[in-house]
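Below is one structure, written out as structure tokens; the observations come after it.
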Amino acid sequence: MSLTRTEWVVRTIAETAIENEKYFGDLDSVVGDGDFGYSLARGFEKLLDGWDDLDRSDTGTFLKRTGMVIASRIGGTSGPLWGTAFMRAGASGGDAVARLRAAIEGIKARGQSDVGDKTLLDALVPLTDRLESELGDGASAEQAMRAAAVAAREAADATSDMVAKRGRASYTGERSRGSVDAGATAVAVLAERISETWQKQGAAS
Amino acid sequence: MSLTRTEWVVRTIAETAIENEKYFGDLDSVVGDGDFGYSLARGFEKLLDGWDDLDRSDTGTFLKRTGMVIASRIGGTSGPLWGTAFMRAGASGGDAVARLRAAIEGIKARGQSDVGDKTLLDALVPLTDRLESELGDGASAEQAMRAAAVAAREAADATSDMVAKRGRASYTGERSRGSVDAGATAVAVLAERISETWQKQGAAS
Amino acid sequence: MKKFVNDPKSFVPEMLEGVALANPDTLTYVPAYNLIMRTDAPRADKVSIVQGSGSGHEPAHVMAVGKGMLDAACPGDVFAAPPMDYVYETAKLLASDKGVLLLVNNYTGDRMAFDMGKEMAEADGVRCEILTINDDVAVQDSTWTVGRRGVAGNFFVIKAVGAASEQGADLDELLRIGNKVNDVTRTMGVALTACTPPAKGSPLFELGADEMEFGVGIHGEPGRERRALASADQIVDDLLGAVVPDLPYASGDRVALMVNGLGGTPISELYILFRHAHRRLAEQGITVGRSYVNEYCTSLDMAGASITLVRLDDEIEGLLEAPAEAAVRVF
Amino acid sequence: MKKFVNDPKSFVPEMLEGVALANPDTLTYVPAYNLIMRTDAPRADKVSIVQGSGSGHEPAHVMAVGKGMLDAACPGDVFAAPPMDYVYETAKLLASDKGVLLLVNNYTGDRMAFDMGKEMAEADGVRCEILTINDDVAVQDSTWTVGRRGVAGNFFVIKAVGAASEQGADLDELLRIGNKVNDVTRTMGVALTACTPPAKGSPLFELGADEMEFGVGIHGEPGRERRALASADQIVDDLLGAVVPDLPYASGDRVALMVNGLGGTPISELYILFRHAHRRLAEQGITVGRSYVNEYCTSLDMAGASITLVRLDDEIEGLLEAPAEAAVRVF
Ligand SMILES: Nc1ncnc2c1ncn2[C@@H]1O[C@H](COP(=O)(O)OP(=O)(O)O)[C@@H](O)[C@H]1O
Ligand SMILES: Nc1ncnc2c1ncn2[C@@H]1O[C@H](COP(=O)(O)OP(=O)(O)O)[C@@H](O)[C@H]1O
Ligand SMILES: [Mg+2]
Ligand SMILES: [Mg+2]
Ligand SMILES: [Mg+2]
Ligand SMILES: [Mg+2]
């Protein structure tokens, strides 16, 4: 993925997270502690504050710097997890799918978590799987992203049937069933926004 | 008034105050601090606890003892005021009207208050005036008491238009207008109960 | 009612028993008079200092009994002054050769109970003096009331006379000191929510979601006026706007600044109020020499706070600095 | 939202600035890292003790910085662990020849931030050790979670290692002591109302008028189960019923008993809980050697309380008795 496209994706993620502060926080307060939206929004605000000064030598460096700002400025569980994800994506090289796989491995390692634990992984992994298969089938980036967003949304919605095994929500055990995971839903919302605005941005990248 | 009749009046006051704990408390919480019903109820409960041991040498002694229990066991403003009232009624001698006049003077002195300050005096003084005039006009005790209760109720209701100048409610100034005084309403409730049950008790006294 | 309570009628005695159980070496509990007293009181060489008032203001006053503070407290029921009997029996139990100082917050019920109790104790040969505390500037037209109310500022009177009495001051000297502190102490409070007395079981008054009661009393008595909710900084400006000009506190003054929680407000928020009060005072040339941010005189579970200023001089500051111990200790 | 707040985003920094302004002689505030530290730290002859965690638990931990307690606290936002950067910078600022002890309540976010921060500080040559606190017995099936949570019992770990570090103990010795105290400390809490995070502006969860959350976490995490409201005594029985058998505490034991308020419960009610807990323990032959009744680790304005037991021996009791000073002082 080009640096310009990457910059745009990161910026879209940041702006969407800031816009959805309240929604994400409300999702986290059903069985969590309600700080998820606030944590992401404040962290991504800080990222945008220093936006122009981020090292843009290449796509990998840009993603690593993004991850470092996030890890060092977002608190809660999300700072280390999201920061690690961006840093690993930056370090991995390769195409978008490779970078996403690296991010996923980083989250798993940092969070000692896996698919099925009712976390953002349960949206991020299906998203990546679909992106990979669509691109493998020869879809355009825009088409693949659209399909991936749909997969993320379906997977996020499906977390409602799961019992949380990681994060604050895990203390509730069975009671976590019946509501979607905040992190997974955030991934779906971000993916949808990227997909919806992909074309508009198309000319530029 | 005979000792038997006096005992019955005091007992009726005690039982009625205990029954109306919540109502009197709610009246006091409109612009006061809500403890009036609780204070009276706890104090009169204590009076009834030691009821059989009260010195009954004569009506005056009985009233004085009643006042001492109330003053020493009811807190808030009501303990000293109601205790003083019963003690002075006991000390004064004379008929029921004379005793009530003595009680009123005791309250005024202890509370540094007077008619028009939106306190129990604003029901007790009209009650006593009417009792005196009815008895002077040759009414029976029962008839006089019935008229006095009506006077107390009218006067208590009329406190709604007054601004409190004494007690916790006085801190609210103009805002105390529009609700009746808790102490005055209590006097009306007690007088009504005495009047309503006077006849039933008639045979015994 | 979202409270830890068994029978509301036993709310006060159970609390007092808890205080005594938590402080077995230092406090004695006399159930008959709701009395919490120091185990080492009365002492022949020390004036005994007593305060009673309604309950529901904890830690005032039962948790302020201890070395350098009160010798005893005899509270009444929730928001009700103690019966005069409690005052009388307490004065007798605390009788010392140097006398008994009775601290009274200025309310009708409290004054009557203490006046009557004092008279009875004096008739028994106990030397007593009453010191009345009235720091609340919310009460404006005092010709219609018993005058200004005693609120959180009573802490400073207790602390000063408590320290002086440990140092051997006699009753007249304590009266002088207590009155001096009271004279330079001013408080005003604000309620964000109503409190719920246990026996009532529901909020004492209605306060809309966007309203606050400005100048509230510690018994939930309505204050100066009901106002729209405002920011923390604006509330501080308004409280200081009532408190500062009242004495007045002026540029060059050194003060103690207390932000007192009313029971339901977390200490984090009290520090947000403190921050702005400190800055505003600095702008006016008033130096904060001593800081107090905690709960001192509450109104059950009311969310709210009060701000108190005390103008310091060397004597008062020295007494406030003196060590003290009481059940409200944290360590 | 019935809170004293300006911009919710500045809730934590304004609170911290307030703490610093109220303690100008003893505390320093470093805004960039939400850092409150002792003015006299780091000392070459003393291990520096640091705790961070989410904010909203005050007085824990920023108001527990002081002599005999913490050397510094670097809290995150409300209910959010501090970013690893704060931990890293704090460890560097507090670096002492004797090392830095990082106290961590056992939550995923806190552990990750402290692990990452520690690694970075060590890379810079700062000797650090992490001590994890996990006293909450409400978490039962710990295979699915990061394990038991750290709650109000952290006070005892802080107090013990704080005292020992003043007496010159080295880092290994502090780890031993801290782990020893943590191992004999158990807590469980109950919520009567939900708390309202300032940034959310509404209660974190719904709790019916007749319900309570039994085993609640200090971030408002649901606990063991939602139950019908019960009397104070019944609640104590149920909390002790979970805490006592867990260690277990047994007849002949001497314990510290803490009743900790969660922010919105007045101290009067805490003493009502304390009273019954004390009596129940006595019936079981368990002696209360030290008593703590106050707010230590809160959940914003939540009405509720937790009960903590610590099994005492001479070493622990001696450390708990040692003097301490912190912003949460009352006098
Ligand atoms: N151990 C973990 N591994 C992966 N994701 C996690 C883990 N713990 C939590 N999450 C994700 O983070 C979200 C909550 O983030 P946040 O509110 O910042 O954390 P906290 O639980 O510390 O309050 C959850 O909805 C979940 O998707
Ligand atoms: N100074 C006074 N003189 C006469 N009556 C008074 C005075 N102050 C209060 N009252 C009466 O007492 C009632 C309130 O009693 P109570 O609730 O026990 O007192 P408090 O105001 O101390 O809470 C008022 O409704 C009024 O009738
Ligand atoms: Mg969360
Ligand atoms: Mg009243
Ligand atoms: Mg009262
Ligand atoms: Mg959190």
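To find a chain, count down the sequence lines: A is the first, B the second, and so on, and within it residues start at 1.
- Annotation for A/Asp35 and D/Val78: closest pair CB-O, 3.9 Å, computed over non-hydrogen atoms.
- Per-residue heavy-atom pair counts under 4.5 Å with chain A were compared for D/Ser202, D/Gly52, D/Gly76, D/Pro83, and the maximum is reached by D/Pro83.
- Closest non-hydrogen pair, D/Ala80 versus A/Gly75, comes out as CB-C, 4.2 Å.
- Residues D/Met112 and A/Thr77 are in side-chain contact: their nearest non-hydrogen atoms beyond the backbone lie under 4.5 Å apart.
- Within the 4.5 angstrom heavy-atom criterion, only side-chain atoms of A/Tyr38, from C-beta onward, approach chain D.
- Residue D/Glu89 holds its CD atom at 9.0 Å from OG of A/Ser72, rounded to the nearest 0.5 Å.
- Heavy atoms of other residues, nucleotides or ligands lying less than 6.0 angstrom from CZ of A/Arg101 number more than 12.
- The part of D/Arg224 that comes within reach of chain A is its backbone (N, CA, C, O), which places non-hydrogen atoms under 4.5 angstrom from that chain.
- Contacts of D/Pro222 with chain A are made by both backbone and side-chain atoms, with heavy-atom separations under 4.5 Å.
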**Message:** A/Arg175 vs D/Glu213, test: salt bridge (charged side-chain N to carboxylate O under 4.0 Å, His left out). Steps then yes/no.
**Reply:** CA-CA 13 Å; A/Arg175 276 206 268 169; D/Glu213 187 67 44; 2.4 Å; yes

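- Atoms OG1 and CD, on D/Thr108 and A/Gln112 in that order, are 8.5 Å from each other to the nearest 0.5 Å.
- For the atom pair CD (D/Glu221) and OG (A/Ser176), the distance works out to 13.0 Å, reported to the nearest 0.5 Å.
- From A/Asp33, atom CG reaches atom SG of D/Cys195 across 9.0 Å, with rounding to the nearest 0.5 Å.
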**Request:** Using the side-chain contact (heavy atoms from CB on, under 4.5 Å) rule, take D/Lys200 and A/Asp26 through it: C-alpha gap first, then chi angles, then the decisive distance, then the call.
**Result:** CA-CA 8 Å; D/Lys200 179 163 161 61; A/Asp26 288 348; 2.9 Å; yes

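- Annotation: maximal heavy-atom pairing with chain D below 4.5 Å, among A/Ala169, A/Gly34, A/Ala71, A/Gly79, occurs at A/Ala71.
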**Prompt:** Can you check salt bridge (charged side-chain N to carboxylate O under 4.0 Å, His left out) on D/Asp77 and A/Arg42, steps first, answer last?
**Reply:** CA-CA 10 Å; D/Asp77 274 315; A/Arg42 293 297 83 69; over 6 Å; no

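- Heavy atoms from other residues, nucleotides or ligands lying under 6.0 Å from CE of A/Met162 number more than 12.
- Proximity to chain A is limited to the backbone of D/Pro8, based on heavy atoms less than 4.5 angstrom apart.
- Put simply, of D/Met116, D/Met84, D/Lys9, the one with the most heavy-atom pairs under 4.5 Å next to chain A is D/Lys9.
- Interface remark: A/Thr84 contributes side-chain atoms only to the contact with chain D (heavy atom separation under 4.5 Å).
- Between D/Ala113 and A/Pro80, the shortest heavy-atom contact is N-CG, 4.3 Å.
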**Request:** Carefully, step by step, assess D/Phe79 and A/Phe36 under the rule side-chain contact (heavy atoms from CB on, under 4.5 Å).
**Result:** CA-CA 10 Å; D/Phe79 292 175; A/Phe36 174 62; over 6 Å; no

**Request:** Decide yes or no on side-chain contact (heavy atoms from CB on, under 4.5 Å) for A/Arg73 and D/Asp85, but give the supporting numbers first.
**Result:** CA-CA 7 Å; A/Arg73 288 300 172 198; D/Asp85 219 36; 3.6 Å; yes

